Amino acid sequence: MNEIESIIAKHAAVERVVPGEIVEVTVDFVMTNDATTALNISIFEDTLEGDTIWDNEKLIMVMDHYTPSNTVAAANTHKIMRDFAKKQAVKYVYDGVGICHQVMLEEHIMPGQLIIGADSHTCSYGAIGALSTGMGSTDIAVSWLDGKTWLKVPETIKIILDGKASNGVYSKDITLKVISDLTAKGATYKAIVFEGEAVSAMSIAERMTLCNMVIEAGGKFAYIKPDEKVKQYLNSRGRNDAFELDVCEGGQYERIIRYDISNLEPQIACPHFVDNICGISEVLGLEMDEFFIGACTNGRYEDLKVAADILKGKKIAPQTRLIVTPASREIYKQAARDGLLEIFMDSGAMICNPGCSTCFGATEGLLGDGERLLTTANRNFIGRVGSKDSYIYLASPAVVAVSAITGKITDPREVL
Ligand SMILES: CC(C)[C@H](C(=O)O)[C@@H](O)C(=O)O
Ligand code: SF4
């Protein structure tokens with residue numbers, strides 16, 4: 001079995017699984033957020049006539065898409081979540097602490113686990129060697145009954161990233177390039193394993209970026225074999241439990257794709273599809289109205305640091321706005337301690353509280369008619385951030401920061 005199949009087999013308590021087979025698995029955590037928890041609750045209580053959830057330490061609830069509540073509807077949704085959490089004595093409820101995926105990484109996930117979440121970017125936890133995937137509300141509610149769900153064992157694509165990214169090129173550019181080649185449906189219900197020297201060189205933050213966008217090609221799971229960096233990260237977060245490294249000999253892959261990323265240029269996803277991607281040279285000089293640095297793709301400390309180093313002592317272009325939203329409270333605090341927030345504010349940026357923010361377009365930073373946004377998020381669907389007549393471009397934090405200074409798409413390699 002390969003890495004993916006071996007983790008699934010463990011959770012199905014069987015010796016061996018093969019792609020295409022449907023198995024019942026026990027999950028380690030179920031994560032839900034304020035976008036759909038109220039729906040999960042109504043399915044659990046009304047449709048399934050559920051009484052008590054299977055484990056009050058394994059259902060993790062996060063309020064992040066609409067925090068602090070910006071409408072009465074959002075406040076009522078949060079109230080439903082809080083009432084349910086109280087009734088069920090749910091141990092982990094995070095409100096305003098950060099984006100669900102970042103909070104899960106910081107507080108809960110261990111390599112080798114299997115996690116399902118009511119959010120498509122749940123696939124991010126492959127960054128530290130966990131198998132995780134997003135599911136719809138009914139499947140999530142059913143899992144609350146007994147901590148089990150079903151899966152079709154996916155085929156696995158292995159992507160080997162060789163070479164060393166040049167200055168100004170980051171894991172966001174690599175992930176955009178991979179999505180562009182796979183296309184939006186090219187990896188539907190397939191697992192993607194990343195390996196190679198470029199992956200080994202990546203920080204945990206960069207690996208999160210890489211795994212986060214696998215769903216944009218339809219992927220079921222993303223996975224990077226955990227190494228010493230993962231161990232160090234977990235230790236730094238107080239999680240010292242030993243984890244087994246999966247030794248998978250003779251594993252089968254549906255395809256192996258190899259990249260040499262040494263000559264890759266910064267990539268931009270253009271409206272209105274994530275796989276509508278080009279090299280930055282094709283869109284240089286395109287004027288923008290708004291810039292956003294944040295989201296579960298690129299709102300981590302390392303991302304803010306890259307942006308702050310570029311923005312230090314500089315001002316954003318007149319008649320534009322820059323919104324910076326740290327992905328979690330931990331990141332916010334560290335960015336404050338290290339002076340990053342001051343650099344952003346001095347440049348003219350607005351700093352928002354940890355959460356999905358302008359990525360989801362529910363709380364702040366909405367676009368007006370005809371406006372263009374350059375963002376570090378992962379989706380550029382029509383109308384996602386405000387007006388249906390607006391245009392969203394996806395890029396790395398370095399591209400967004402350097403472009404915020406000029407007001408138009410600019411190549412970070414010019415300044416780095
Ligand atoms: C609202 C939520 C369920 C959704 C998702 O599943 O991804 C959101 O987080 C997004 O990024 O579009
Ligand atoms: S930051 Fe954006 S992509 Fe991530 S969970 Fe929130 S809305 Fe979804």
Side-chain angles (χ1 to χ4, degrees), residues 30-41 43 60-67 70-71 73-74 77-78 81 94-106 115-127 132-141 172 175-176 179 184 205 208-220 222 269 272-274 292-300 303-304 323-329 331-332 352-366 373 375-386 392 394 397 400:
V30 180
M31 186 282 295
T32 70
N33 62 43
D34 55 358
T36 52
T37 306
L39 187 56
N40 305 149
I41 293 170
I43 298 169
I60 296 173
M61 292 185 165
V62 187
M63 297 176 220
D64 56 357
H65 285 65
Y66 302 92
T67 45
N70 57 328
T71 59
T77 297
H78 289 159
M81 282 177 82
Y94 298 97
D95 184 1
V97 178
I99 303 166
C100 53
H101 309 305
Q102 185 60 26
V103 174
M104 289 298 285
L105 174 78
E106 289 175 2
I115 299 108
I116 59 172
D119 191 284
S120 59
H121 296 100
T122 302
C123 58
S124 307
Y125 322 151
S132 51
T133 196
M135 284 193 177
S137 297
T138 306
D139 281 307
I140 291 293
K172 180 60 165 289
T175 195
L176 287 174
I179 302 301
M208 281 289 279
T209 306
L210 189 63
C211 292
N212 178 272
M213 291 195 67
V214 156
I215 186 59
E216 306 309 331
K220 181 81 174 164
H272 295 286
F273 298 102
V274 181
F292 175 63
I293 299 172
C296 54
T297 340
N298 282 120
R300 276 168 283 281
D303 301 310
L304 302 191
I323 298 164
V324 179
T325 305
S328 73
R329 189 180 280 164
I331 296 167
Y332 196 115
C352 294
N353 63 288
C356 298
S357 186
T358 300
C359 171
F360 195 52
T363 46
E364 58 239 345
L366 303 201
L373 163 69
T375 168
T376 65
N378 46 30
R379 284 187 174 154
N380 57 355
F381 304 146
I382 201 160
R384 179 166 169 98
V385 183
I392 305 172
L394 312 177
V400 175

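Indexing begins at 1, ligand by ligand and atom by atom, following the structure's order. Fair warning: this is a prediction, and the values are worked out from it, not measured in the lab.
Neither the backbone nor the side chain of R379 has a heavy atom within less than 4.0 Å of ligand 2. With a heavy-atom cut-off of 4.0 Å, S120 touches ligand 1 through backbone and side chain alike. Contacts of N378 with ligand 2, taken as heavy-atom pairs under 4.0 Å, involve the side chain alone. Of all the heavy atoms of R384, the ones lying under 4.0 Å from any atom of ligand 2 belong exclusively to the side chain. For D119, every heavy-atom contact with ligand 2 shorter than 4.0 Å involves the side chain, none the backbone. Residue contacts with ligand 1 for H101 are absent, since no atom lies close enough (heavy atoms, distance under 4.0 Å).
Within the listing of ligand 2, atoms 7 (S) sit less than 4.0 angstrom from a heavy atom of F360. For ligand 1, the atoms closer than 4.0 angstrom to any heavy atom of H121 are 7 (O), 11 (O). Below 4.0 Å from some heavy atom of H65 lie the following atoms of ligand 2, by number and element: 5 (S), 6 (Fe), 7 (S), 8 (Fe). For ligand 1, the atoms closer than 4.0 angstrom to any heavy atom of H65 are 1 (C), 2 (C), 8 (C), 9 (O). Of all the atoms in ligand 1, the ones that sit under 4.0 Å from a non-hydrogen atom of R379 are 5 (C), 7 (O), 10 (C), 11 (O), 12 (O). Below 4.0 Å from some heavy atom of F360 lie the following atoms of ligand 1, by number and element: 1 (C), 8 (C). Residue H121 approaches ligand 2 through these ligand atoms, each under 4.0 Å from one of its heavy atoms: 3 (S), 8 (Fe).
When hydrogens are left out, the protein atom nearest atom 2 (Fe) of ligand 2 is C359 SG, 2.3 Å; that is the closest non-hydrogen contact. Scanning the protein for heavy atoms near atom 2 (C) of ligand 1, the closest one is D119 OD2, 3.5 Å. Remark: minimum distance from atom 1 (C) of ligand 1 to any protein heavy atom is reached at A35 CB, 3.3 Å. For atom 11 (O) of ligand 1, the closest heavy atom belonging to the protein is R384 NH2, 2.9 Å.
The closest approach between any non-hydrogen atom of M213 and ligand 2 is not below 4.0 Å. The closest approach between A377 and ligand 2 stays at or above 4.0 Å for every heavy atom of the residue.
At distances below 3.5 Å, not a single donor-acceptor pair connects side-chain atoms of D64 with backbone N or O atoms of C356. Under a 3.5 Å cut-off, the side chain of R384 and the backbone N or O of G361 do not form any donor-acceptor pair. Checked by atom type and distance alone, the side chain of S357 never pairs as donor or acceptor with a backbone atom of N353 at under 3.5 Å. With hydrogens and angles ignored, the 3.5 Å screen pairs a side-chain donor or acceptor of K172 with a backbone N or O of A377. Put simply, the side chain of N33 never gets that close to the backbone of M63: no donor and acceptor are under 3.5 Å apart. A distance-only check finds a donor-acceptor pair linking the side chain of D303 to the backbone of R300 [under 3.5 Å]. With T36 contributing its side chain and L39 its backbone, the two residues share no donor-acceptor pair below 3.5 Å.
At a threshold of 4.5 Å between non-hydrogen side-chain atoms, the residues T358 and T375 do not count as touching. Side-chain contact between L176 and I179: absent, with no pair of heavy atoms (C-beta onward) separated by less than 4.5 Å. Using a 4.5 Å heavy-atom cutoff, the side chains of I293 and L304 are in contact.
In this comparison of C296, G98, A327, the heavy atom closest to atom 1 (S) of ligand 2 sits on C296.
At a cut-off of 3.5 Å, with distance as the only test, no side-chain donor of T297 or R379 sits close to an acceptor on the other residue. Residues D95 and H78 have side chains that never bring a donor and an acceptor to within less than 3.5 angstrom of each other.
On a distance-only criterion, N378 and ligand 1 share no N/O pair closer than 3.5 Å. The shortest N/O to N/O separation between N33 and ligand 1 does not fall below 3.5 Å.
Between H101 and Y125, the ring planes are tilted. Angles from 30° to 60° get that label.
Among the atoms of C356, no N, O or S atom falls under 2.8 Å of atom 2 (Fe) of ligand 2.
Here H272 and F381 keep their ring centres 6.0 angstrom or further from each other.
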